[in-house]
Protein chains: 2
Amino acid sequence: MASIQKVLEAISDPTRRKVLDLLKKKEMSAGELGANFDISGPSMSHHLNKLKAADLVQTTRRGQSIVYSINTSVFEDAAQFVVKFFQDTRATEDAGNDHDGEEQDR
Amino acid sequence: MASIQKVLEAISDPTRRKVLDLLKKKEMSAGELGANFDISGPSMSHHLNKLKAADLVQTTRRGQSIVYSINTSVFEDAAQFVVKFFQDTRATEDAGNDHDGEEQDR
DNA sequence: TAGATATTTAGAAAACTATCTAATTATCTA
DNA sequence: TAGATAATTAGATAGTTTTCTAAATATCTA
């Protein structure tokens, strides 16, 4: 499972949240997604990469297209983490700077 | 209420998540908080500012100290947003780039 | 297989973020 | 009021992120 760090970074960008919103409705190719934004293909590709690195989406090639879809299980894990973080008096994960298993990402 | 954009940016940083974790246990002054990290006072101040800009914490002066505490209501709003975002088939807020009321933050 | 279409990779520029030291502001107390 | 303590603001720098154009890769189809 991707680190919660990557997930939170991924969803802290409005473009990427909108991508996820679109994918929640139905899976789409990179090009179809891009048509919803005012940015170049490579920029879209960069954002899709971050979502993929966070494991929030998965891809499969379909002919010339690469189709993106939501990775439901990671979505649910992330939800659980954030809910805990905001609702508990004491959060589970140590969000600290000292250690992290997945070694300090950025 | 602070924009969800600012909230998500605020919690996408591990230092700031740890600050929030500490404050969940008890309110603390800037200096007490700083003692938990290996960064300078001004850097801590910078992070506290971001948390404050997101309205996740509030401050009150107590003598020479400035005491930080969790802003419970915003915490709960944020939780609700994120839960919706991750659980709904269709998220409520338009996380898009085109408009936003609170005008494009970054 | 040549050309068209879809997407990613490379490399560079601009904007933003985190960090630091030095200086400033606010408050307390002897 | 002078000096000490707590915190923030100013200004600089290093690193990261977002964005772009150009080039490369993969697949389809005539």
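Just so it is clear, the values below take in all heavy atoms, side chains as well, and ignore hydrogens, waters and symmetry mates.
- Residue B:S65 has no polar side-chain atom (N or O) positioned under 4.0 Å from OP1 or OP2 of C:dT27.
- Going from atom CD of B:Q64 over to atom P of D:dG3 covers 16 Å, rounded to whole Å.
- Taking only side-chain atoms of A:A30, from C-beta outward, the nucleotide of C:dT7, D:dT18, C:dA22 with the closest atom is C:dT7.
- Where B:R61 and A:G41 each meet DNA chain C at their nearest nucleotide, the meeting point lying more 5' is that of A:G41.
- In this structure, CZ of A:F37 is placed 18 Å from C1' of D:dC20, rounded to the nearest angstrom.
- Whole-Å rounding puts the A:H46 NE2 to C:dA12 C1' distance at 15 Å.
- In this structure, CD1 of A:I66 is placed 12 Å from C1' of C:dT9, rounded to the nearest angstrom.
- For the pair A:D13 CG and D:dT17 P, the interatomic distance rounds to 12 Å; values are reported in whole Å.
- Side-chain N/O atoms of A:Y68 include none lying less than 4.0 angstrom from OP1 or OP2 on C:dA6.
- Of the candidates B:K18, B:K25, B:K24, B:D21 forms a side chain to side chain donor-acceptor pair (under 3.5 Å) with just one, namely B:K24.
- Separating the CG atom of A:D38 from the P atom of D:dC20 is a distance of 9 Å, rounded to the nearest angstrom.
- As rounded to whole Å, 6 Å separates atom P of D:dT9 from atom CG of B:N49.
- Contact of the B:L20 side chain with the A:F85 side chain is registered, since non-hydrogen atoms from C-beta on lie closer than 4.5 Å.
- A sub-4.0 Å separation between OP1 or OP2 of C:dC20 and a side-chain N or O of B:S40 is present.
- Summarising the local packing, CD of A:Q80 is surrounded by 12 or fewer heavy atoms from other residues, nucleotides or ligands at distances under 6.0 Å.
- Look at A:E27 and A:R62 and you find a salt bridge, because one of the NZ, NE, NH1 or NH2 atoms lies within 4.0 Å of a carboxylate O, short of that distance.
- Under 4.0 angstrom from either OP1 or OP2 of C:dA6 there lies no side-chain N or O belonging to A:R62.
- The CE atom of A:M44 sits 12 Å away from the P atom of D:dT18 (whole-angstrom rounding).
- In this model, the phosphate group of D:dT18 is not approached by any side-chain N or O of A:S43 to a distance below 4.0 Å at OP1 or OP2.
- How far NE2 of A:H46 is from OG of A:S40: 10.5 Å, rounded to the nearest 0.5 Å.
- Among C:dT17, D:dT9, D:dT17, the nucleotide with an atom closest to any side-chain atom of B:S45 is D:dT9.
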